[in-house]
S.K.: 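Pasting in a structure now, in structure tokens, and then I'll have a few things to ask.
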Amino acid sequence: MSASRHLSPHLGRPQPDAEPLIWLSRQPPGRERVLAWTCDCRAVYFELIQSGGVAFIRKTIQNERGHVIFETHRWPIRHAWRTWTAVLTGQIRVDGRGGAVEPSGQ
């Protein structure tokens, strides 16, 4: 029996009518707890993060120069979990095509 190195989920294929997420610049980090994550075997991986009473999704792009990080808006935790599930099942697109990357203003 061979063990797979892919222990975390991978994203599902985006649905044709999937809405894109809006990506913001990374906020200054505070106390954060990673609740869920996708496999980091690909160049881009995602984490669901709780900070205080809110949660958000972090997108990390790995390349030869290091990591480029974007985050979503902060949401109530239940809303963030629903969005996370939609991301995993392809109901929401995470590639940024058709969606704007908005500056965080900070």
S.K.: Side-chain polar contacts of residues 61-70 - donor-acceptor pairs under 3.5 angstrom, sequence neighbours left out - could you list them?
M.R.:
residue	atom	partner	partner atom	Å
Q62	NE2	D40	O	3.3
Q62	NE2	R42	O	2.8
N63	OD1	R65	N	2.9
N63	OD1	G66	N	3.1

S.K.: Counting distance only, does the side-chain N/O of R93 pair as donor-acceptor with the main-chain N or O of E19 below 3.5 Å?
M.R.: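 Here the side-chain-to-backbone pair does not exist.
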S.K.: Side chains of residues 81-90: which donor-acceptor partners sit under 3.5 Å, not counting sequence neighbours?
M.R.:
residue	atom	partner	partner atom	Å
T83	OG1	H79	O	3.0
T85	OG1	W81	O	3.1
T89	OG1	T85	O	3.0
T89	OG1	A86	O	3.3

S.K.: So, for W23 and V94, which heavy atoms are closest and what is the spacing to 0.1 Å?
M.R.: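 Shortest heavy-atom contact: NE1-O, 3.2 Å.
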S.K.: Suppose we screen for ring pair (Phe, Tyr, Trp, His ring centres under 6.0 Å). Which residues come up paired with W37, at least two apart in sequence or across chains?
M.R.: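 Partners of W37 by the ring pair (Phe, Tyr, Trp, His ring centres under 6.0 Å) criterion come out as none, since no residue qualifies.
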S.K.: Taking all atoms of both residues into account, what is the closest heavy-atom pair of H73 and I22, and its distance?
M.R.: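 Closest approach of H73 to I22, heavy atoms only: NE2-CG2, 4.2 Å.
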S.K.: Could you go through residues 47-58 and list every donor-acceptor pair under 3.5 Å that involves a side-chain atom there, pairing it with any protein atom two or more places apart or in another chain?
M.R.:
residue	atom	partner	partner atom	Å
Q50	NE2	G52	O	3.2
S51	OG	R31	O	3.1
R58	NE	E71	OE2	3.1
R58	NH1	E32	OE1	3.4
R58	NH2	E32	OE1	2.9
R58	NH2	E32	OE2	3.0
R58	NH2	E71	OE2	2.9

